[in-house]
Amino acid sequence: MSVGICVEPPAQHGPVPRTHFAVRGYDLAATLDSGQAFRWRAGPDGSWTGVVRGCWVRLRQTSDGIGAEAALPLRHWHWLADYLQVAVDLDAVLATFPPDPPLRAAVRACYGLRLLRQEPWECLASFILSSTKRIGHIRQIVERLCERFGEPVAVPPGERPAYAFPTAERIARLNARALRACGMGFRAPYLLETARRVADGRFDPAALSALGLEAARARLCELPGVGAKIADCVLLFALGFERAFPLDVWVQRALREWYFPRQRVRPAALRAFVETHFGPHAGYAQQYLFHFMRTGAGRASGRAPCPGGAR
DNA sequence: GTCCAGGAGCCAT
DNA sequence: ATGGCTCATGGA
């Protein structure tokens with residue numbers, strides 16, 4: 001199966017199992033807990049534990065960046081720097097946003113939120129499991145899937161066991177009943193068939209990065225259980241298509257309340273709007289609107305007609 | 001009990 | 001093209 005853009009697994013037996021990335025404007029908690037990835041667990045000390053490319057990782061926000069530790073000494077960390085996108089100049093991205101009040105309010109409230117660069121297969125499989133599920137439930141399903149079918153990975157002494165995300169080959173050998181037992185319901189046959197296509201080479205998610213946005217989206221939509229929204233999540237969160245704009249219920253709610261209050265806007269009109277309004281990093285703007293709506297202005301069905309003031 | 005969730009597929013207009 | 005219905009599951 002394909003492994004993604006940063007191709008090598010982390011080489012082991014290097015000097016030390018920890019490192020530090022110097023980076024400004026990085027809100028680690030917002031980034032790891034904003035519904036793009038589903039495997040990060042918050043510790044009581046504010047650290048975050050997860051598995052990236054089959055490697056146990058603990059991350060910590062520091063005064064001048066992000067600290068990382070692994071279970072084993074590693075020779076290099078660029079796979080993690082790539083995943084976290086620490087080299088991205090966030091301010092340069094934000095400078096391309098249109099200066100409208102709702103987006104400004106979202107950026108002010110969520111500054112430091114980043115897009116991750118995830119592994120294509122894990123991202124694709126996870127978002128097939130995401131449809132009409134809350135983020136907490138998605139985490140739960142993914143965790144069960146990894147515990148049951150993922151390879152155990154090395155963890156530091158005393159840590160709870162951790163597992164790699166199961167490969168497409170592993171899932172392709174299962175049946176829908178075993179998958180359903182993870183709690184994924186009607187999504188089981190979707191994941192199974194997609195895993196089969198990836199495992200036998202009919203579909204290579206990582207290869208889509210060589211295509212244009214429209215062609216890559218069309219290819220993803222050929223997969224069972226993948227429509228425009230899930231396709232855009234994979235394009236944005238794993239393949240680096242920063243114009244991809246997942247239009248889920250939260251973002252649609254944000255757009256209707258903040259950009260088209262008291263109007264009847266059809267989904268096609270929303271689609272047309274986001275494709276022209278938000279610019280070359282529209283997907284980044286989408287993530288700010290999504291996180292802002294979920295955590296701030298729009299929560300508890302709070303009426304937030306126009307965050308950021310008059311329009 | 002009722003509602004809803006980072007939707008998609010299918011069928012009737 | 002567009003709107004409605006159904007799919008399975010769990011938490012509020």
**OP:** Enumerate the residues from residues 177-197 of chain A whose closest heavy atom to DNA chain B is under 4.0 Å, giving them by residue number; use none for an empty result.
**Re:** A:Phe186, A:Tyr190

**OP:** Working to the nearest 0.5 Å, report the span between CG of A:Leu32 and CG of A:Leu59.
**Re:** 6.0 Å

Original post:
So, do A:Phe21 and A:Tyr26 have ring centers that fall under 6.0 Å from each other?
Top reply: no

Original post:
Going through the distances and angles, do A:Tyr163 and A:Leu145 end up as a side chain to side chain contact (heavy atoms under 4.5 Å, CB included)?
Top reply: CA-CA 10 Å; A:Tyr163 303 86; A:Leu145 189 68; over 6 Å; no

**OP:** Determine, for A:Glu151 against A:Arg170, whether the closest basic-nitrogen to carboxylate-oxygen distance falls under 4.0 angstrom.
**Re:** no

Original post:
Which is true for A:Ser34 with a 4.0 Å heavy-atom rule: it touches a base, it touches only sugar-phosphate, or it touches nothing?
Top reply: base

**OP:** Quick one: label A:Leu223 by what it contacts on the DNA or RNA (base, sugar-phosphate, nothing), any heavy atom closer than 4.0 Å.
**Re:** sugar-phosphate

Original post:
Nearest-Å distance, CD (A:Gln140) to C1' (B:dA5)?
Top reply: 13 Å

**OP:** Answer yes when A:Arg173 and A:Glu169 have at least one side-chain N-carboxylate O distance shorter than 4.0 Å, and no when they do not.
**Re:** no

**OP:** Could you pick out which residue, A:Cys233 or A:Pro224, lies toward the 5' side of DNA chain B when each is mapped onto its nearest nucleotide?
**Re:** A:Cys233

Original post:
Touch check for A:Phe237, heavy atoms < 4.0 angstrom, all strands: base, sugar-phosphate only, or nothing?
Top reply: base

Subject >> salt_bridge(A:Asp33, A:Arg139) N-O dist < 4.0 Å >> reply: yes

Subject >> Electrostatic pair A:Glu147:A:Arg144 at N-O distance under 4.0 angstrom >> reply: no

Subject >> Ion pair check, A:Asp45 and A:Arg58, cut-off under 4.0 Å >> reply: no

Original post:
With distance as the sole criterion, do the side chain of A:Gln252 and the base of B:dG6 form a donor-acceptor contact below 3.5 Å?
Top reply: no

Original post:
Taking NZ from A:Lys229 and C1' from B:dG9, how many angstroms apart are they, rounded to a whole number?
Top reply: 17 Å

Original post:
When you look for runs of 3 or more Watson-Crick or G-U pairs in a row, both distances below 3.5 Å, which of them include DNA chain C?
Top reply: B:2-5 with C:9-12, B:7-13 with C:1-7

Original post:
Can you name the residues that form a ring pair (Phe, Tyr, Trp, His ring centres under 6.0 Å) with A:His277, not counting sequence neighbours?
Top reply: A:Tyr259, A:Phe273

**OP:** Rounded off to whole Å, could you give me the CZ-to-P distance for the A:Phe127 and B:dG7 pair?
**Re:** 10 Å

Original post:
Taking NE2 from A:His137 and P from B:dC4, how many angstroms apart are they, rounded to a whole number?
Top reply: 15 Å

**OP:** Identify the 5'-most and 3'-most nucleotides of DNA chain C with at least one atom closer than 4.0 Å to a non-hydrogen atom of chain A.
**Re:** C:dT2 to C:dG11

**OP:** Under 4.0 Å between any heavy atoms, over every strand shown, what does A:Val226 touch: base, sugar-phosphate, or nothing? Just pick one.
**Re:** sugar-phosphate

Subject >> Set of ring pair (Phe, Tyr, Trp, His ring centres under 6.0 Å) partners for A:Tyr288, sequence neighbours left out >> reply: none

Original post:
Tell me: NZ of A:Lys133 to P of B:dC3, nearest whole Å?
Top reply: 18 Å

Original post:
Quick one, which residues of residues 265-274 of chain A touch DNA chain C with a heavy atom under 4.0 Å?
Top reply: A:Arg266, A:Ala268

Subject >> Length of the line joining A:Phe38:CZ and B:dG6:P, which is rounded to integer Å >> reply: 9 Å

**OP:** Hey, which sits more toward the 5' end of DNA chain B by its nearest nucleotide, A:Cys221 or A:Gln286?
**Re:** A:Gln286

**OP:** Using atom CG of A:Leu289 as one end and atom C1' of B:dG6 as the other, report the distance to the nearest whole Å.
**Re:** 14 Å

**OP:** Rounded off to whole Å, could you give me the CZ-to-P distance for the A:Phe292 and B:dG6 pair?
**Re:** 18 Å

**OP:** Enter the distance from A:Arg253:CZ to A:Asp248:CG here, rounded to the nearest 0.5 Å.
**Re:** 8.5 Å

Subject >> Stacking check A:Trp250 vs B:dG6 (5.5 Å / 30 deg) >> reply: no

**OP:** Compute the centroid of each ring, for A:Phe290 and then for A:Phe245, and state whether the two points are separated by less than 6.0 Å.
**Re:** no

